[in-house]
Protein chains: 2
Amino acid sequence: MPARKPPAAPAPRPAAGKAATITDIARLAGVSKKTVSRIINHSPLVRKGTREKVQALMREVGYAPDPLARGLAFRRSFLIGMVFDNPTAQYIVDMQYGALDALRDSGYELVVHPCDTRSPDCVDSVRRFVQQQKLHGVILVPRASEGQALAEMLTAINCNYARIVPADCDDQAGRLIVTHDRDGAAEVAGHLLALGHTEVALVTGPSSARSAAERTEGFLQAMAAGGIDIPASRIIEGDYSFESGVAAGETLLARRRPTAIFCSNDEMAAGVYKVAARARMNIPRDLSVVGFDDSPLASLLWPSLTSVRRHTRESGRIAAAALIRAESDPLPVASVRPHLIVRDSTAEPLRAPASA
Amino acid sequence: MPARKPPAAPAPRPAAGKAATITDIARLAGVSKKTVSRIINHSPLVRKGTREKVQALMREVGYAPDPLARGLAFRRSFLIGMVFDNPTAQYIVDMQYGALDALRDSGYELVVHPCDTRSPDCVDSVRRFVQQQKLHGVILVPRASEGQALAEMLTAINCNYARIVPADCDDQAGRLIVTHDRDGAAEVAGHLLALGHTEVALVTGPSSARSAAERTEGFLQAMAAGGIDIPASRIIEGDYSFESGVAAGETLLARRRPTAIFCSNDEMAAGVYKVAARARMNIPRDLSVVGFDDSPLASLLWPSLTSVRRHTRESGRIAAAALIRAESDPLPVASVRPHLIVRDSTAEPLRAPASA
DNA sequence: CTGAAAGCGCTTACAG
DNA sequence: CTGAAAGCGCTTACAG
C-alpha cells in the first residue's frame with residue numbers, strides 16, 4: 001500500500017452529526033463492507049481476529065445497522081406484527097409486554113394491529129398490513145388466532161406466524177402456543193368439588209369462542225368425573241361481558257340457588273357479584289364464585305376473586321421468541337399451563353346438599 | 001418510438017408472485033420513475049391527465065410503495081412510536097386505538113415502546129429506539145410525557161413528537177395535547193357541593209405525578225370556592241394503586257368519617273369500596289365515592305362508580321394525526337376536556353353537617 | 001411539467 | 001476466509 005499523508009485529524013471518523021454506516025466501519029477497520037456485513041449477520045465465515053477487531057470498532061463508534069437498509073436488501077423488515085381482536089385491555093397489554101420481553105435489544109420492534117375478525121375484509125386487511133410492511137412475522141392473539149382463515153392466508157403469502165391458542169389445533173405452518181384453558185377449568189372444578197359443592201352453576205363464554213368451549217368442556221368433564229352432573233338449567237351462555245354476567249346471575253339466583261358459580265371470565269364474575277350484592281347475599285358464605293383470567297379485577301373485587309391465572313405475558317414472550325429465532329427451530333408447539341389462584345370468594349357450602 | 005413486436009402476452013405486467021414496483025408502474029404508464037414518485041408524494045408538479053392515468057394504473061395493479069425503500073431514501077421510516085410508562089392497561093390500549101384511528105390507511109404504523117421513567121437510562125433507551133428505527137414521530141403518553149428530559153432529547157435529535165399532558169406546559173418543539181385534569185377534578189367538587197357535602201376527603205395520586213397534582217389542586221380550589229376548606233387530616237396521598245386506596249380508606253374511615261371521598265383514580269376508589277364493604281357501610285347512603293378515569297372498573301363495581309371520563313382514545317387520535325400531518329401545521333396545542341359521569345356511588349349526605 | 005443519474009445503507013451472487 | 005460489482009425500491013439534486 002502506498003504511504004499516505006499523516007492525517008492531521010485523528011483518522012477520518014464519520015461526521016459528527018450523522019450516524020456511522022457500514023461503509024464507515026469497513027473503511028475504519030480496513031476490511032470490505034461484505035466482511036462487516038458478515039459480522040452483522042453472524043456468519044461463521046470470518047476469521048476470529050477480524051471479527052473481534054470489527055466488533056470492538058462498532059461498539060466504540062456506536063454503530064448499529066440501519067433496519068431500513070437491511071430490510072430493503074433482505075426484502076423483509078425487522079418488524080413483528082401483533083394481530084388481536086378486542087379481548088380485554090389487560091390481556092392485550094400483557095401480551096405486548098411479553099412479546100417485547102423477547103424483542104428487547106434484538107433489533108426487532110413490535111407493531112400493533114387490531115382487527116375485527118367478524119368483518120369480512122379482516123383477512124384482506126391483515127394481508128395488506130403484512131405485505132406492505134414486509135413483516136418478519138406475526139403473532140396471532142385470541143380470538144384472531146381462532147379459525148384458520150388468517151393462518152392460511154399467512155401460510156399462502158409465506159409469512160411466519162405464531163398463534164396463541166386455547167387448545168391444540170391443526171397447523172402445519174405456524175408455531176402454536178397452547179394455553180390449555182381446559183386444564184384451568186378442570187382445576188376450578190376440582191377446587192369446588194374439594195370444598196364439597198354439589199349445587200354448581202356455570203356461566204360460559206360465547207359459544208363461538210374456542211376458549212369458551214374449552215373452559216366449558218374442561219369444567220363439565222371434571223365435575224362429571226367428580227360425580228356431579230350439572231343440569232342444563234344451570235348452564236348459561238354469556239359473552240364474556242359484565243352485562244352478560246349480570247343477566248346470568250339474575251337468572252341463576254332467581255331459581256333454586258346453586259352454592260357455587262363458575263364464570264368463564266372475571267368480568268362476568270363481577271356481574272354475578274353485582275347481582276349477589278343486590279340480593280344481599282354474602283360471598284363466599286351464601287355463594288362461592290370463581291372467575292377466569294386472574295385480571296387485576298380479581299384482586300380489586302370484594303371479596304377478592306378466586307380465578308385462573310393465564311401467564312399471558314409468558315405466552316407473548318414465547319411467541320415472539322419463536323419468530324425471531326432461526327426458522328429451522330425444532331419447536332412447533334409450546335405449552336403454557338394455567339393455574340388456579342384461590343382467594344376469598346370460595347368456601348365450603350353453607351347449606352346441606354339438596355339431594356342424598 | 002420504433003415499432004415493437006406485437007406482444008404475445010397482454011403487455012409486460014409485473015411477474016405473478018412479486019409485487020409491482022415503481023419501475024413497473026413507470027414502464028406500464030410510459031412515464032419516468034420520478035413522475036410516479038411525484039404522484040406518490042402528492043407533488044403538484046404533475047399534469048392532471050398524467051396523474052389520473054398513473055393513479056388508475058396503480059389502483060389496477062394494486063401497487064403500494066415499499067415503506068422500506070421510501071424510508072431508506074427519505075432517511076426516515078413510516079413508523080410512529082408510542083412511549084409509555086406503565087399506566088393502567090385500559091389507558092394504554094385506549095391510547096393505542098386512538099393513535100391507530102388516525103394512522104389507518106395512512107401508510108404509517110404504530111410501534112409500541114414501554115419504558116421506565118424512573119430508570120436512569122430511560123432517555124438513552126428511547127433515543128436508541130428513535131434513532132435506530134428512524135422514527136417519523138413519537139407520542140409521549142403520561143407519565144412518560146411528564147418531565148422535560150425525553151422531550152428535550154427528542155428536540156435535540158430533531159424528532160417530531162406529541163405529548164399528552166395533564167396540564168399546559170412549556171414546550172417549544174412538540175405538539176401538546178392537554179387533558180385538563182384540573183377541570184375534571186373541579187367538576188367533581190361541584191357535584192359534591194351540589195349534593196350538599198361538607199365533610200369531604202381526598203385521596204390523591206403520588207405527588208411526583210403531574211396528573212395527581214392537577215387533580216388535587218383543581219379539586220381543592222373548587223371546594224374552597226364553594227366555601228369548603230378540606231383539613232389536611234382528610235387529604236391522604238396514595239399512589240394510584242388499589243392497595244393505597246385501601247390504606248387511605250382505612251385511615252379516613254377510622255377517624256371522624258367524611259360523607260364523601262374523592263379518589264384521584266378508579267383503582268383507589270375500588271380500594272375505598274373494599275374498606276366500606278368490610279365496615280358494612282352502604283355506598284352511597286353512608287358514603288359517597290368518586291373516582292377518576294372512568295375505567296371499565298367504574299361500571300363493574302357495585303354500586304357503579306361516579307367518575308371522570310378522559311377521552312383517552314380521542315387524545316391518542318389527535319396526537320397521531322398531528323404527527324403525520326404537514327410539519328407546518330398551525331396547531332401546536334390541542335385540548336381534550338374531561339367530564340364527569342354520574343353513576344350510583346354519589347348521593348346527598350345522610351347525616352347533618354357536623355358544624356352549622 | 002418531466003426525466004436521467006446518483007445515492008440512501010445494506011445484502012446477494014459470484015469470484016477468488 | 002475475503003472482496004468488487006450489482007441490486008433492493010425508492011428519493012434528492014440537477015437539468016431541461
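FYI, side chains are in, hydrogens and waters are out, and symmetry mates aren't considered; it's all heavy atoms of this structure. Within every chain, numbering begins at 1; the chains are lettered A, B, ... in the order of the sequence lines, protein sequences first and strands thereafter.
- When each of A:Arg70 and B:Gly30 is assigned the nucleotide of DNA chain C bearing its nearest heavy atom, the one mapping closer to the 5' terminus is B:Gly30.
- Nucleic acid contact for B:Tyr63: sugar-phosphate only, since backbone atoms but no base atoms lie under 4.0 Å from a heavy atom of the residue.
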Query raised in the report: Could you go step by step and tell me if B:Phe84 and B:Gln96 meet the side-chain contact (heavy atoms from CB on, under 4.5 Å) rule?
Result: CA-CA 10 Å; B:Phe84 50 88; B:Gln96 291 180 2; 4.1 Å; yes
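- For DNA chain D, the span of nucleotides reached by chain A at under 4.0 Å from its heavy atoms goes, 5' to 3', from D:dC1 to D:dG9.
- Partners of A:Asp170 under the side chain to side chain donor-acceptor pair (under 3.5 Å) rule, at least two apart in sequence or in another chain, are A:Gln172.
- For A:Arg313, the side-chain contact (heavy atoms from CB on, under 4.5 Å) test picks out A:Tyr97, A:Asp101, with sequence neighbours left out.
- Nearest-nucleotide positions on DNA chain C place B:Thr35 closer to the 5' end than the other of B:Thr35 and A:Pro65.
- Both B:Lys34 and B:Leu68 lie near DNA chain D, and the one whose nearest nucleotide falls closer to the 5' end is B:Leu68.
- Looking at A:Arg75, its side chain does come within 3.5 Å of a backbone N or O of A:Ala73 through a donor-acceptor pair.
- For DNA chain C, if you chain together Watson-Crick or G-U pairs that step i with j, i+1 with j-1 and so on, the runs of at least three with distances under 3.5 Å are C:1-3 with D:14-16, C:5-12 with D:5-12, C:14-16 with D:1-3.
- With sequence neighbours excluded, no residue forms a ring pair (Phe, Tyr, Trp, His ring centres under 6.0 Å) with B:Tyr63.
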Requested in this report: Evaluate the criterion side-chain contact (heavy atoms from CB on, under 4.5 Å) for residue pair B:Met58 and B:Ile39; output intermediate values, then yes/no.
Outcome: CA-CA 10 Å; B:Met58 297 197 294; B:Ile39 291 167; 3.8 Å; yes
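- Applying the side-chain contact (heavy atoms from CB on, under 4.5 Å) rule to B:Ser37 yields the partners B:Ile22, B:Lys34, B:Asn41; only residues at least two apart in sequence or on another chain are considered.
- Residues B:Val138 and B:Ile80 are not in side-chain contact: their nearest non-hydrogen atoms beyond the backbone lie 4.5 Å or more apart.
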